[in-house]
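In this text the structure is predicted, and so the values were computed from the model without any measurement.
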Amino acid sequence: QVQLVESGGGLVQAGGSLRLSCAASGRTFRRYVMGWFRQAPGKEREFVAHISWSGGGTTYADSVKGRFTISRDIIRNTVYLQMNSLKPEDTAVYYCVATDVPSRSSHEYDYWGQGTQVTVSS
């Protein structure tokens with residue numbers, strides 16, 4: 001079992017930066033692929049990024065590639081999403097997720113946090 005709690009969301013102007021954190025609890029945290037999804041009002045949940053259990057492998061959605069960076073601290077049981085050059089279209093609720101196998105599909109993720117709101121003003 002893994003419990004996930006996100007933090008770090010907020011309001012930022014276009015071009016600004018935010019860093020999201022996801023604190024994971026559970027003894028098996030190191031086994032899991034960790035990732036982020038987001039959901040904007042009226043839209044489906046969208047894959048953002050995921051990172052391998054070792055931290056050596058990362059995958060990004062094309063819409064955030066080059067602007068967002070996912071990382072993990074195994075000692076602190078925490079996953080981060082550094083978001084730079086934010087755009088109004090990045091506005092969404094961001095969810096931290098965990099799964100056994102890397103995937104871009106939300107259906108493959110067993111564990112979800114409660115979400116944190118990110119709002120980018122133009």
Side-chain angles (χ1 to χ4, degrees):
Q1 284 286 340
V2 176
Q3 292 78 43
L4 306 172
V5 178
E6 304 96 333
S7 61
L11 174 64
V12 64
Q13 288 188 332
S17 298
L18 281 175
R19 189 176 80 156
L20 305 183
S21 299
C22 173
S25 60
R27 293 164 55 185
T28 58
F29 169 75
R30 298 184 183 195
R31 293 176 43 195
Y32 289 94
V33 172
M34 304 296 297
W36 293 90
F37 278 74
R38 66 186 182 185
Q39 188 168 22
K43 296 188 177 181
E44 294 185 354
R45 283 186 179 177
E46 175 189 20
F47 168 76
V48 175
H50 65 61
I51 187 167
S52 65
W53 68 270
S54 68
T58 57
T59 301
Y60 297 92
D62 288 344
S63 58
V64 306
K65 198 174 295 182
R67 299 188 298 122
F68 290 10
T69 302
I70 188 171
S71 60
R72 70 190 294 170
D73 185 332
I74 293 176
I75 295 175
R76 291 181 171 83
N77 281 4
T78 302
V79 177
Y80 304 99
L81 186 68
Q82 178 67 44
M83 305 185 295
N84 299 328
S85 301
L86 283 161
K87 305 175 182 180
E89 50 263 45
D90 293 318
T91 295
V93 176
Y94 283 71
Y95 297 91
C96 179
V97 294
T99 186
D100 290 329
V101 179
S103 175
R104 293 174 179 255
S105 171
S106 61
H107 300 294
E108 298 295 332
Y109 286 83
D110 302 310
Y111 303 103
W112 292 73
Q114 83 287 353
T116 185
Q117 177 70 47
V118 171
T119 303
V120 184
S121 63
S122 58

Handout entry: Same cluster (ILVMFWY, side-chain, under 4.5 Å), Tyr95 and Leu20
Key = no

Handout entry: Results of side chain to side chain contact (heavy atoms under 4.5 Å, CB included) for Gln114 - residues two or more places apart only
Key = Val5, Glu6

Exercise for the section: Scan residues 45-88 for pairs that pass disulfide (SG to SG under 2.5 Å), counting only residues two or more places apart or in two chains. Expected result: none

Problem - Contact list for residues 75-122, test disulfide (SG to SG under 2.5 Å), sequence neighbours left out - result: Cys22-Cys96

Exercise for the section: Consider only side-chain heavy atoms of I, L, V, M, F, W and Y, link residues closer than 4.5 Å, and tell whether Met34 and Trp112 are in one cluster. Expected result: no

Problem - Nearest non-hydrogen partners of Ala23 and Thr78, listed with the distance - result: CA-OG1, 4.3 Å

Exercise for the section: Look at the side-chain heavy atoms of Ile, Leu, Val, Met, Phe, Trp and Tyr, link any pair under 4.5 Å apart, and say whether Tyr32 and Leu81 land in one connected group. Expected result: yes

Handout entry: Distance, nearest 0.5 Å, that separates OG of Ser85 from NZ of Lys87
Key = 8.0 Å

Practice task
Please collect all disulfide (SG to SG under 2.5 Å) contacts where either partner lies in residues 31-61, sequence neighbours excluded, each pair once.
Solution key: none

Handout entry: Counterpart residues, salt bridge (charged side-chain N to carboxylate O under 4.0 Å, His left out), relative to Arg67 (two or more places apart)
Key = Asp90

Exercise for the section: Measure the spacing between CD1 of Ile70 and OH of Tyr80 and express it to the nearest 0.5 Å. Expected result: 12.5 Å

Exercise for the section: Just jot down the side chain to side chain contact (heavy atoms under 4.5 Å, CB included) partners of Ser63, sequence neighbours excluded, or say none. Expected result: Arg38, Glu46, Ala61

Completion exercise
Between Ala24 and Leu4, the two heavy atoms sitting closest are CB-CD2, 3.7 Å

Fill in the blank from the handout: Closest non-hydrogen atoms of Val101 and Val33, given as atom of the first, atom of the second and distance, are C-CG2, 4.3 Å

Practice task
Tell me, please, which residues at least two apart from Lys43 pass salt bridge (charged side-chain N to carboxylate O under 4.0 Å, His left out).
Solution key: none

Exercise for the section: Establish whether Tyr94 and Val79 are linked, either directly or via other cluster members, by ILVMFWY side-chain heavy-atom contacts under 4.5 Å. Expected result: yes

Could you pull out all donor-acceptor pairs under 3.5 Å where a side-chain atom in residues 115-122 meets a protein atom, sequence neighbours excluded?
unit_1	atom_1	unit_2	atom_2	d
Thr116	OG1	Gly9	N	3.3
Gln117	NE2	Ala92	O	3.4
Gln117	NE2	Thr119	OG1	3.3

Practice task
Any pair with a residue in residues 32-86 that passes disulfide (SG to SG under 2.5 Å), sequence neighbours left out, goes on the list, sorted by first then second residue, please.
Solution key: none

Problem - Path from Val64 to Leu86 over hydrophobic side-chain contacts below 4.5 Å - result: yes

Handout entry: Residues which pass side chain to side chain contact (heavy atoms under 4.5 Å, CB included) with Ser105, listed by chain and number, not counting sequence neighbours
Key = Ser103, His107, Glu108

Completion exercise
By ring pair (Phe, Tyr, Trp, His ring centres under 6.0 Å), Phe47 pairs with (sequence neighbours left out) Phe37, His50

Completion exercise
Contacts of Thr69 meeting side chain to side chain contact (heavy atoms under 4.5 Å, CB included) (sequence neighbours excluded), chain-then-number -> Tyr60, Gln82

